[in-house]
Amino acid sequence: MAQNFGKGHHLHLIDGSAFIFRAYHALPPLTRKSDGLPVGAVSGFVNMLQRYIEGNTGDDAATHVAVIFDKGSHTFRNDMYDQYKANREAMPEDLRPQIPLTRDATRAFNIACEEIEGFEADDIIATLAHQARDAGGRVTILSSDKDLMQLVGGGVEMLDPMKNKRIDKDGVFEKFGVGPERVVDVQALAGDSVDNVPGAPGIGIKTAALLINEFHSLEELLDRADEITQPKRRQTLIDNRAQIELSKKLVQLDCDMDLPFDLDSLEIRDPDPEPLMAFLADMEFRTVTKRIADKLGVTAPVIEAAPAPDAPQPEEVAFDADAYECVSDAAALQVWIDRIRERGYVAVDTETTSLSEMKAELVGVSLCVEPGQACYIPLIHKAGKADDLFGTDDLEEGQMDLDECLSLLKPVLEDASIIKIGQNMKYDAKIFARLGITVAPIDDTMLMSYAMHAGTHNHGMDILSERYLGHTPIPIKPLLGAGKSAITFDRVPVVDAVKYAAEDADITLRLWQLFKPQLHTKKVTTVYETLERPLVPVLAQMEMHGVKVDRDTLSRMSNAFSQKMAGLEAELYELAGHEFNVQAPAQVGKILFEEMGLEGGKKTKTGQWSTPADALEDLATEHDFPARILDYRQLAKLKSTYTDALQEHINPETGRVHTSYSIAGANTGRLASTDPNLQNIPVRSEEGRRIREAFVAEEGKVLVALDYSQIELRILAHIAGIDALKQAFKDGQDIHAMTASEMFDVPLDEMTPEIRRKAKAINFGVIYGISGFGLARNLRIPRGEAQGFIDRYFERFPGIRDYMDDTVAFAKDHGYVQTLFGRKINTPEINAKGPHAGFAKRAAINAPIQGTAADVIRRAMIRMPAAIEGMPAKMLLQVHDELIFEVEQGAEDKLIAAAKDVMENASVPAVKLDVTLAVDAGTGANWAEAH
DNA sequence: ACGCTCACG
DNA sequence: GACGTACGTGAGCGTA
């Protein structure tokens with residue numbers, strides 16, 4: 001039979017099961033309205049197929065494609081080994097009925113869908129890949145399954161759809177340490193716990209690769225096993241020969257199956273709209289049906305609305321960008337304002353010329369009062385085209401006058417009886433504040449999501465919309481472009497802006513309707529209302545105020561650094577004997593470990609030499625070169641990240657630096673500071689600390705810094721109930737010295753700095769979920785000794801061990817951990833197997849401690865404006881356990897008394913701690929002095 | 001865009 | 001000696 005498939009053709013093989021499981025885990029458990037059939041995974045699967053089809057263009061586009069599925073649970077491998085895949089978890093109940101639907105979905109898209117009883121999908125993929133390769137075509141396998149890596153090579157590649165990463169021969173080598181043709185040999189030795197392939201006990205991928213590379217093949221290795229030098233390894237291979245040979249058969253894919261179809265039958269076909277629409281309508285997917293209908297240029301079928309539920313469901317109204325209204329005069333806006341007053345709430349979104357609120361100009365405002373009913377009010381869109389070099393700055397016709405719009409909106413935005421809903425409302429509130437409007441009261445969908453979902457995903461609008469509304473928002477990129485040719489939003493034509501901007505308000509309103517009741521069922525309403533939402537106006541004020549930074553001080557330091565760096569550079573070239581890029585770790589590593597021949601060099605996972613500071617420090621005791629590299633790096637860091645970059649952030653209008661705090665950035669409840677990050681200004685080194693001298697108080701004022709002393713250890717003492725620690729804090733003792741005394745049986749008056757240093761490291765280690773390895777590395781002591789310290793610590797403070805065990809157990813039970821104030825931090829990875837496991841455990845142990853400390857300072861910040869009202873003082877910055885104020889000279893004592901009181905009592909009345917919270921204060925003309 | 005390195009609590 | 005490890009962040013640089 002003549003076959004057409006050959007050179008120039010490109011076959012895509014999609015691992016269907018992988019798609020299904022990803023779809024299942026990525027989406028909430030959606031059900032079909034009419035009968036409650038679970039369809040979440042089908043919906044995700046359909047979306048992934050649609051996205052795949054849309055993305056299949058360009059040079060890599062497939063000419064042939066098939067989705068390959070497993071069929072039946074019993075395969076020829078079970079006949080060889082009855083334990084094969086025996087420890088697989090059963091398929092979730094609500095996924096099982098969706099499996100056949102994914103086949104239907106594939107066929108509905110007119111994509112070939114293949115499965116064969118008694119074989120795994122991997123075998124079909126292997127056979128097809130070989131056939132296509134032999135015919136001279138290209139093959140891409142869309143999967144991240146390492147079992148398929150044996151197929152790579154000769155025109156066959158893999159594509160990890162999750163990371164969008166192509167895996168070629170080099171990629172396989174990275175994973176297995178051998179080429180694709182020896183992958184099965186390595187797998188046979190290493191075994192696989194997921195598939196329950198036994199392999200050789202005690203041998204993993206690393207050792208297996210070593211052996212195979214030495215003996216060239218598994219067969220030769222087994223025949224010559226007696227030549228292996230390590231006695232234990234030799235015996236293992238001799239004893240387990242049969243098991244290893246069986247393992248190889250289990251992992252070896254069958255690439256020579258008799259297939260009842262040929263490659264030509266997989267040629268790409270356009271979807272047939274009729275059956276596709278019928279399938280989607282049957283699944284009752286409203287949004288995706290409409291989107292695909294638009295793509296295909298057909299009318300979407302009408303999907304019957306579900307029988308009336310108690311509350312209007314957000315997803316009942318399809319998104320329709322053409323339905324949004326462009327408001328261009330006062331009369332039209334008044335209609336919207338009447339509707340807002342009628343309802344008592346409105347979703348608001350602003351469009352501006354910049355992401356930086358202190359520079360951004362308001363370009364337009366969107367409003368939404370009901371799902372699907374949104375408008376956009378364009379204000380200053382320019383008429384000139386973006387690519388028109390002589391583009392005029394004349395305004396486009398049909399826009400509202402800015403002042404007129406604001407004067408109409410102001411009473412609504414400030415009306416105490418109308419809730420203004422936003423996604424990241426701090427941004428919009430600052431834009432309005434600069435225009436004289438104080439937006440209140442507010443709700444914020446980003447913060448609602450953070451209160452419910454911290455730890456599971458981020459809280460940007462795109463991700464929330466996709467996850468919880470099943471709708472992909474219109475992307476901004478095509479409107480603005482990217483890179484150098486990017487334009488600002490005021491250059492976007494009004495017709496396009498309306499669709500994009502109004503949709504954002506629409507999405508925000510729908511998310512609000514969905515999230516609001518969920519806050520109650522997830523029991524985080526109090527967290528949202530007392531720890532998240534009230535922080536918005538407080539942070540907005542701090543950010544707008546900014547901190548004064550002295551440009552001359554920074555500029556002088558930059559120059560001094562430049563000179564020193566030039567000197568060091570010359571010295572380094574001399575030492576190396578040639579010029580090189582001092583800032584490129586790969587080149588530094590090459591000089592150290594190849595040219596100079598130093599020992600102990602490690603490589604990173606990308607195969608480059610690794611040159612972190614601690615490794616260089618060890619080498620610096622013997623050699624000048626690494627010492628000078630360290631000197632250079634410190635200066636380069638200080639100059640580029642601080643003395644140079646900070647100058648760029650001085651706002652020309654205010655002369656101050658305005659950071660932005662993200663409330664929902666860190667999973668634990670901590671804030672994060674960006675643009676610039678003012679939470680990592682140097683302090684630990686003398687040279688770096690001087691940068692804080694550039695953070696100054698205004699003429700006639702001083703800076704005041706107030707910081708919690710040992711707050712995390714105090715919280716640990718409370719949560720874990722460690723009486724000795726509590727007592728020490730009560731007595732105002734040196735906590736690390738006390739720990740050292742307990743552990744090493746040294747009386748306090750005989751304490752040495754060295755012993756205290758060890759105890760301090762252990763105290764911190766405990767907060768981070770201590771491990772012998774980590775402590776050993778930190779203290780640079782042997783691992784056994786470190787483990788000994790930890791054992792001793794747990795012996796003296798048994799409550800700590802209990803806290804750790806209980807916390808991990810709680811996380812495994814509930815999928816989250818909690819702070820003392822009820823903040824939930826989700827721990828989706830806690831039941832993971834493998835290297836992920838330890839990571840998740842330590843994060844779970846740390847989160848309640850770090851998170852409670854974060855809650856405490858949040859409460860203090862929220863109460864601060866009222867406590868210092870009337871004082872000539874402003875709160876400027878937060879650095880996790882520290883607050884920085886600017887206050888008129890003479891008023892500092894009064895401020896310190898008031899602010900300290902708020903901070904020390906921040907936990908009450910919600911939580912009464914067994915330990916007191918102590919706050920240290922400092923003042924000065926600049927931050928270095930105040931700290 | 002991503003990995004490495006390093007600044008902070 | 002199977003694997004990789006202290007917790008939480010953001011920014012600048014080099015390399016692809």
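Order of the sequence lines fixes the chain letters, A, B, ..., with proteins taken first and strands second; residue numbering starts at 1 for each chain.
A salt bridge is absent between A/Glu829 and A/Lys841: the closest approach of a Lys/Arg side-chain nitrogen to an acidic carboxylate oxygen does not fall below 4.0 angstrom. Salt bridge status for A/Glu785 with A/Arg780: absent, with no side-chain N to carboxylate O gap under 4.0 Å. Ionic pairing of A/Glu532 and A/Arg823 is present here: one or more N-O contacts between side-chain nitrogen and carboxylate oxygen are shorter than 4.0 angstrom.
Using a 4.0 Å heavy-atom distance criterion, A/Ala847 is classed as making no nucleic acid contact. Within the 4.0 angstrom heavy-atom criterion, no nucleotide atom of any strand lies near A/Ala200. Residue contacts for A/Asn778: at a heavy-atom cut-off of 4.0 Å it reaches a base atom on one of the strands shown. When heavy atoms are screened at a 4.0 angstrom cut-off, A/Ile203 is found touching the sugar-phosphate backbone but no base atom. At a threshold of 4.0 angstrom between heavy atoms, the contacts of A/Gly769 with the nucleic acid are absent.
Between C/dA6 and B/dC4, the two P atoms lie 14 Å apart (nearest whole Å). One P atom belongs to C/dA2, the other to B/dC6, and the distance between them is 32 Å to the nearest Å. Nucleotides C/dT5 and B/dT5, compared at atom P, are 13 Å apart to the nearest Å.
Nearest-nucleotide assignment on DNA chain C puts the 5′-proximal partner with A/Arg233, out of A/Ile762 and A/Arg233. Each of A/Lys232 and A/Ile767 was assigned the nucleotide of DNA chain C with the nearest heavy atom; the assignment lying further toward the 5' end belongs to A/Lys232.
For A/Thr668 and C/dT9, the shortest distance from a side-chain N or O to OP1 or OP2 is not below 4.0 Å. Using a 4.0 Å cut-off, no side-chain N or O of A/Arg670 falls inside it from OP1 or OP2 of C/dT9. Under 4.0 angstrom from either OP1 or OP2 of C/dT5 there lies no side-chain N or O belonging to A/Arg777.
For the pair A/Lys760 NZ and C/dC7 P, the interatomic distance rounds to 19 Å; values are reported in whole Å. One interatomic measurement links the two molecules: CD1 of A/Ile849 to C1' of C/dA6, which rounds to 13 Å at whole-angstrom precision. Rounding to whole angstrom units, CG of residue A/Asn846 and P of C/dT9 are separated by 10 Å. Put simply, CZ on A/Phe764 is 10 Å from P on B/dG9, counting in whole angstrom units. The interatomic distance linking A/Arg166 (CZ) with B/dC2 (C1') rounds to 19 Å, in whole Å. Here the P atom of nucleotide C/dG8 and the CD1 atom of A/Ile715 are 17 Å apart, to the nearest Å. When the P atom of C/dA6 is taken as reference, atom CD1 of A/Ile781 falls 15 Å away, rounded to whole Å. C/dA2 atom P lies 12 Å from atom CG of A/Leu237, rounded to whole Å.
Judged by Watson-Crick or G-U wobble contacts below 3.5 Å, the nucleotide C/dT5 has no partner. The pairing partner recorded for C/dG10 is B/dC6, the criterion being a Watson-Crick or G-U wobble arrangement whose two distances lie under 3.5 angstrom.
Within 3.5 Å, a donor on the side chain of A/Arg684 pairs with an acceptor on the base of B/dG9, or the reverse.
Between A/Tyr450 and A/His459, the two ring planes are perpendicular [angle over 60°; tilted spans 30° to 60°]. Classified by interplanar angle (parallel below 30°, tilted 30° to 60°, perpendicular above 60°), the ring pair A/Phe580/A/His578 is perpendicular.
Using a 4.5 Å heavy-atom cutoff, the side chains of A/Met903 and A/Val856 are not in contact.
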**Complete:** Quick tally for nucleotides 10-16 of chain C: nucleotides whose base has a protein heavy atom under 4.0 Å get B, sugar-phosphate-only ones S, the rest -, giving BBSSSS-

**Request:** Report the C-alpha separation of A/Phe797 and A/Tyr793 in whole Å, then their side-chain angles, then the decisive distance to 0.1 Å, and conclude whether the ring-ring contact (aromatic ring centres under 6.0 Å, His included) test is met.
**Result:** CA-CA 6 Å; A/Phe797 307 106; A/Tyr793 190 94; 5.0 Å; yes

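When distances are taken from the side chain of A/Arg633 to each of B/dC6, C/dC3, C/dA6, the shortest belongs to B/dC6.
What you find for A/Gln679 and A/Leu671 is that their closest heavy atoms are OE1-O, 3.5 Å.
In this structure, A/Lys824 forms a cation-pi arrangement with A/Tyr816, its terminal cationic atom sitting closer than 6.0 Å to the ring centre and no more than 45° off the ring axis.
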